[in-house]
Novice: 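The structure is given below, and queries will be raised subsequently.
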Amino acid sequence: MPPVDTTYSEDELVHLLKQQSREAYNYLYTNYSAVLYGIIRKVVYDEHIAQDVLQEAFVKIWSNIERYDSRKGRIYTWMLNIARNAAIDKLRSKGEIMKGKIQTGEDIVNIMQKGMKTEQMTDAIGLRKMVGNLKPEYETIVNLAYFKGFTLDEISKTLEIPLGTVKTRIRHAIKLLKENFENK
């Protein structure tokens, strides 16, 4: 493992990962596993399944690092998407997506707080607050898509609105969130 004080720029880290550097991979795991686990736990409520999904996500990151393109976004965002998609895939493969959708807010809060460490709280950037400041029609769609794991088609059916409307609203909501982050 690299020394504790070793840091890499994003470009250095990606370069080393593409060379299959174990030190870079250990660094990646040490510095990003907590936040990825937090994202996974927002979708997968079972702690043991979430830990399995985290491991699967890191295997996918390691196996697919050659596909990462820095022109399309940051490595952090790419990894978050892999982790989130792995969590959603796990729920779908276990037929548990509906179970996750019908849990009450109180249940989710209790499950999320149980066993979470401070560094695993992923909302330090204030994303939920920013989403909460969106117009209700945007907030609902973003919550369903990104925090509940719904597909756009599922959102369309659940909210009983056309799929095109869902796509337009989510695109606009993401644009507004991006502007909020840039102005933060």
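Worth knowing before you read on, the calculation uses all heavy atoms, side chains too, and leaves out hydrogens, waters and symmetry mates.
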Novice: Can you run down the salt bridge (Lys or Arg N to Asp or Glu O under 4.0 Å) pairs that involve residues 24-34, sequence neighbours left out, and say none if there aren't any?
Specialist: none
Novice: Holding to salt bridge (charged side-chain N to carboxylate O under 4.0 Å, His left out), I want the full list of residues that pass it with K18, two or more places apart in sequence or in another chain.
Specialist: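 Partners of K18 by the salt bridge (charged side-chain N to carboxylate O under 4.0 Å, His left out) criterion come out as none, since no residue qualifies.
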Novice: Could you grab the distance from atom CD1 of I65 to atom OG of S21, nearest 0.5 Å is fine?
Specialist: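 Spacing of CD1 (I65) from OG (S21) equals 11.5 Å.
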Novice: Please test L177 against L134 for side chain to side chain contact (heavy atoms under 4.5 Å, CB included), starting from the C-alpha separation and ending with a verdict.
Specialist: CA-CA 8 Å; L177 290 170; L134 293 173; 4.1 Å; yes
Novice: How many angstroms lie between atom OG1 of T158 and atom CG of D153, to the nearest 0.5 angstrom?
Specialist: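 The CG atom of D153 is 9.0 Å from OG1 of T158, to the nearest 0.5 Å.
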Novice: Do M79 and W62 sit in the same hydrophobic cluster, where Ile, Leu, Val, Met, Phe, Trp and Tyr count as joined when their side-chain heavy atoms come under 4.5 Å apart?
Specialist: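 M79 and W62: one cluster.
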Novice: Could you tell me whether the side chain of T168 and the main chain of G164 form a donor-acceptor pair under 3.5 Å?
Specialist: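 Indeed, once roles are kept as given, a pair shorter than 3.5 Å links the two residues.
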Novice: Mind checking whether V35 and Y76 have side chains closer than 4.5 Å, heavy atoms only?
Specialist: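 Heavy-atom side-chain distance check passes, below 4.5 Å.
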Novice: Shortest non-hydrogen contact from S156 to P162?
Specialist: OG-C, 3.7 Å
Novice: Determine the minimum heavy-atom distance between L54 and S33, stating which atoms define it.
Specialist: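 So the minimum-distance heavy-atom pair works out to CD1-O, 3.9 Å.
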Novice: Under the side-chain contact (heavy atoms from CB on, under 4.5 Å) test, which residues partner A83, sequence neighbours left out?
Specialist: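 Partners of A83 under the side-chain contact (heavy atoms from CB on, under 4.5 Å) test: L36, I40, A57.
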Novice: Sorted by first residue and then second, give each salt bridge (Lys or Arg N to Asp or Glu O under 4.0 Å) pair with at least one member in residues 70-81; sequence neighbours left out.
Specialist: E10-R74, D69-R71
Novice: Indicate if I174 and L163 have the same hydrophobic cluster label, given that clusters are the connected sets of ILVMFWY residues with side-chain heavy-atom separations under 4.5 angstrom.
Specialist: yes
Novice: Mind jotting down which residue pairs meet the salt bridge (Lys or Arg N to Asp or Glu O under 4.0 Å) criterion with at least one end in residues 28-38? Sequence neighbours excluded, please.
Specialist: none
Novice: Within this structure, what is the CD-CG distance for the pair E47 and D52, rounded to the nearest 0.5 Å?
Specialist: 11.0 Å
Novice: Measure the CG-CD distance between L13 and E23 for me, rounded to the nearest 0.5 Å.
Specialist: 12.0 Å
Novice: Measure the shortest side-chain to side-chain distance between L159 and I141 over non-hydrogen atoms and say whether it is less than 4.5 angstrom.
Specialist: yes
Novice: Tell me every residue that passes side-chain contact (heavy atoms from CB on, under 4.5 Å) with Q19, counting only those two or more places apart in sequence or in another chain.
Specialist: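 Expected list: H15, L16.
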Novice: Identify the heavy atoms of L152 and K167 that sit nearest to each other, and give their distance.
Specialist: CD1-CG, 3.8 Å
Novice: Which heavy atom of R41 sits nearest a heavy atom of A50, and at what distance?
Specialist: CD-CB, 3.4 Å
Novice: Any chance you could measure H172, atom NE2, to K175, atom NZ, to the nearest 0.5 Å?
Specialist: 6.5 Å
Novice: Going by the angle between their ring planes, with limits at 30° and 60°, are Y8 and Y27 parallel, tilted or perpendicular?
Specialist: perpendicular
Novice: Considering residues at least two apart in sequence or located in another chain, which fulfil the side chain to side chain donor-acceptor pair (under 3.5 Å) criterion with Y29?
Specialist: Q55
Novice: Quick one: does any side-chain atom of Y37 pair with a main-chain N or O of V53 as donor and acceptor, under 3.5 Å?
Specialist: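 Side chain of Y37 to backbone of V53: no pair is present.
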Novice: Using side-chain contact (heavy atoms from CB on, under 4.5 Å) as the criterion, list what pairs up with K135, not counting sequence neighbours.
Specialist: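 Scan of K135 (side-chain contact (heavy atoms from CB on, under 4.5 Å), adjacent residues dropped) gives E137, Y138.
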Novice: In Å and rounded to the nearest 0.5 Å, what is the CD1 to CD1 distance from I61 to I75?
Specialist: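 Taking CD1 in I61 and CD1 in I75, the distance rounds to 7.5 Å.
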Novice: Going by the rule side-chain contact (heavy atoms from CB on, under 4.5 Å), which residues pair with D11 if we only count those two or more places apart in sequence or in a different chain?
Specialist: S9
Novice: Any chain of hydrophobic side-chain contacts (each under 4.5 Å) joining V59 to W78?
Specialist: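 In one cluster with V59: W78, no.
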Novice: Any pair with a residue in residues 54-67 that passes salt bridge (Lys or Arg N to Asp or Glu O under 4.0 Å), sequence neighbours left out, goes on the list, sorted by first then second residue, please.
Specialist: E56-K90
Novice: Would you call Q51 and H48 a side-chain contact if the rule is heavy atoms closer than 4.5 Å?
Specialist: yes
